[in-house]
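Bear in mind the structure is a predicted one, so any value in this text is a computation, not a measurement.
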Amino acid sequence: MQGRPPILLIFGLPRSGTTWLGKIFDSHPETLYRHEPDNYPRLEALPGFPSPAEAPEHADFIRRFVAELPRRNDALVAAKLPLFRKAWRGPLQHRFLEAAALAAKIGARANLNVPVFGARADRIKPAPMVVWKSIESLGRLGLLTEALTDARGIHLIRHPCAQISSVLRGERQGAFQDNSPTSEFYDLFRSLLQLPQARRYGLTLDDLRRLRPVERLAWNWVLRNEKAIDDTVQSGRVRVVRYEDLCLDPEPVSRDLFDFAGLSWNSQSAAFVRESVQSDAAAYYSVYKDPRHSVSRWRDELPADSAERILAILARSSLSGLYREPDAIAVSQC
């Protein structure tokens, strides 16, 4: 695949490593990173789990949304740390941006909408490649890549036991804005049950209500990841990547993904990848983590019975093949 696309989509479920991978791409001097720009209510006009066949109906709206991304300078979207030097910003401009991002974050804590001055990049020539990172729109990935014919995507998947364990840890710590347990998002489950992927299993809402919370979270993992893969497998423009592979070989995997995106490897990205795996910050949303700890932590956190229930549901899915190969087994057990 040749050339650099104007936009790269980095999508996955919550707690799948999308922020880390997004920041690896942000470290490139010629990219423009946008963090969860589709957070509610920005894309409420789009269905959460549309068919790619609906692309003609929504294409104009999607293209307008994407065209707006370089102009976005709200704190949640444009001030995710760390910030990196860019080819179009000099040292003084970079320091100004850092100060503006800090001011915007302080303002956000006081419920003030302070723009990040210096974050707009809509007048940069040549235009940088936009990196759209999302945990909100995995169900829309097929629709978006169908509507954005010059986009490429990376679908990041984390072992379901690890992803679910991390979600449960975040709930215990009160790290999410919504205080309701994810396993009780029944409006979400109603939408998922309308999908062909759910009909393959004959699932009903009553079935899900009877399950343990970790089993509902496992079906959430299966159905949302299956839909994204089913919707994009024919496009040839979306790469499925296991989080575990990124953890165990961060630089080689990052280099390969940069090549997929038409980006050169560079010293700033190499330095960030090295730094991001040399510490294990306590902050829940930190991108500085010991990757081997992240890969195996669920084995210490999840009760054996919960892990067995999750793996039993995974075994019913074609996605079990992602964790069936000898190297994947070694990863999940390290």
Closest contact, heavy atoms only, [X] versus [Y]:
X	Y	value
Leu168	Leu217	CD2-CD1, 3.9 Å
Arg237	Ala151	NH1-O, 2.6 Å
Arg34	Leu69	NE-O, 2.9 Å
Arg89	Gly118	NH1-O, 4.1 Å
Asp38	Lys133	OD1-O, 4.4 Å
Val77	Pro37	CG2-CA, 3.8 Å

Between [Y] and [X], is there a side-chain heavy-atom distance shorter than 4.5 Å?
X	Y	result
Pro6	Val130	no
Leu141	Leu9	yes
Glu184	Pro213	no
Trp20	Pro250	yes
Ser254	Phe25	no
Pro5	Asp150	no
Tyr288	Gln278	no
Ser306	Trp298	no

Is a side-chain donor-acceptor pair under 3.5 Å present for [Y] with [X]?
X	Y	result
Thr182	Glu171	yes
Asn225	His155	yes
Glu301	Ser165	yes
His159	Gln163	no
Arg158	Ser16	no
Arg224	Asn220	yes
Asp178	Ser180	yes

Test Arg42 against every option in Glu136, Glu36, Glu68 by the salt bridge (charged side-chain N to carboxylate O under 4.0 Å, His left out) rule and name the one that passes.
Glu68
Test item: [X] side-chain N/O and [Y] main-chain N/O as donor-acceptor pair under 3.5 Å:
X	Y	answer
Gln173	Gly170	no
Lys86	Thr31	yes
Lys289	Ser276	no
His58	Leu143	no
Arg152	Phe260	yes

Does a salt bridge link [X] with [Y], judged by any charged N lying under 4.0 Å from a carboxylate O?
X	Y	value
Lys227	Asp230	no
Arg239	Asp256	yes
Arg140	Asp231	no
Asp290	Arg297	no

Tell me whether the count of non-hydrogen atoms from other residues, nucleotides or ligands lying under 6.0 Å of [atom1] in [X] goes above 12.
X	atom1	value
Leu76	CG	no
Arg85	CZ	yes
Gln234	CD	no
Arg172	CZ	yes

Nearest 0.5 Å, what's the [atom1]-[atom2] distance between [X] and [Y]?
X	Y	atom1	atom2	answer
Phe49	Ser191	CZ	OG	6.0 Å
Asp245	Asp249	CG	CG	7.5 Å
Thr204	Leu208	OG1	CG	7.0 Å
Ser296	Asp300	OG	CG	6.5 Å
Leu97	His94	CG	NE2	7.0 Å
Ile24	Ser269	CD1	OG	8.5 Å

For Asp74 and Arg72, what are the C-alpha separation, side-chain angles and deciding distance, and is it a salt bridge (Lys or Arg N to Asp or Glu O under 4.0 Å)?
CA-CA 6 Å; Asp74 35 321; Arg72 294 281 297 275; 3.0 Å; yes
Do [X] and [Y] sit in the same hydrophobic cluster, where Ile, Leu, Val, Met, Phe, Trp and Tyr count as joined when their side-chain heavy atoms come under 4.5 Å apart?
X	Y	answer
Tyr186	Ile313	yes
Leu83	Leu32	no
Leu319	Ile135	no
Val233	Leu195	no
Leu8	Val253	yes

Would you sort out whether Tyr201 and Trp219 count as a ring pair (Phe, Tyr, Trp, His ring centres under 6.0 Å), showing the intermediate values?
CA-CA 10 Å; Tyr201 300 103; Trp219 278 117; 4.8 Å; yes
Please assess Phe11 against Val238 for the test side-chain contact (heavy atoms from CB on, under 4.5 Å), listing each intermediate value before the final yes or no.
CA-CA 10 Å; Phe11 286 15; Val238 176; over 6 Å; no
Could you check whether the rings of Tyr323 and Trp221 sit parallel, tilted or perpendicular, using 30° and 60° as the cut-offs?
tilted
If you apply the rule salt bridge (Lys or Arg N to Asp or Glu O under 4.0 Å), what do you find for Asp26 with Lys80, and how did you get there?
CA-CA 10 Å; Asp26 186 21; Lys80 179 65 178 177; over 6 Å; no
Worked verdict on Glu251 versus Trp265 for side-chain contact (heavy atoms from CB on, under 4.5 Å):
CA-CA 10 Å; Glu251 182 166 323; Trp265 192 244; 3.6 Å; yes
When Ile124, Val116, Asp122 are each screened for side-chain contact (heavy atoms from CB on, under 4.5 Å) with Arg120, the one that passes is Asp122
With salt bridge (Lys or Arg N to Asp or Glu O under 4.0 Å) as the test, would you mind laying out the steps for Arg309 and Asp305 before giving the verdict?
CA-CA 6 Å; Arg309 291 176 183 274; Asp305 175 70; 3.0 Å; yes
Using ring centroids (six-membered ring only for Trp), state whether Phe84 and Phe272 fall under 6.0 Å.
yes
Chi angles and distances behind the side-chain hydrogen bond (donor to acceptor under 3.5 Å, both in side chains) call for Ser317, Glu226
CA-CA 8 Å; Ser317 169; Glu226 279 190 357; 2.7 Å; yes
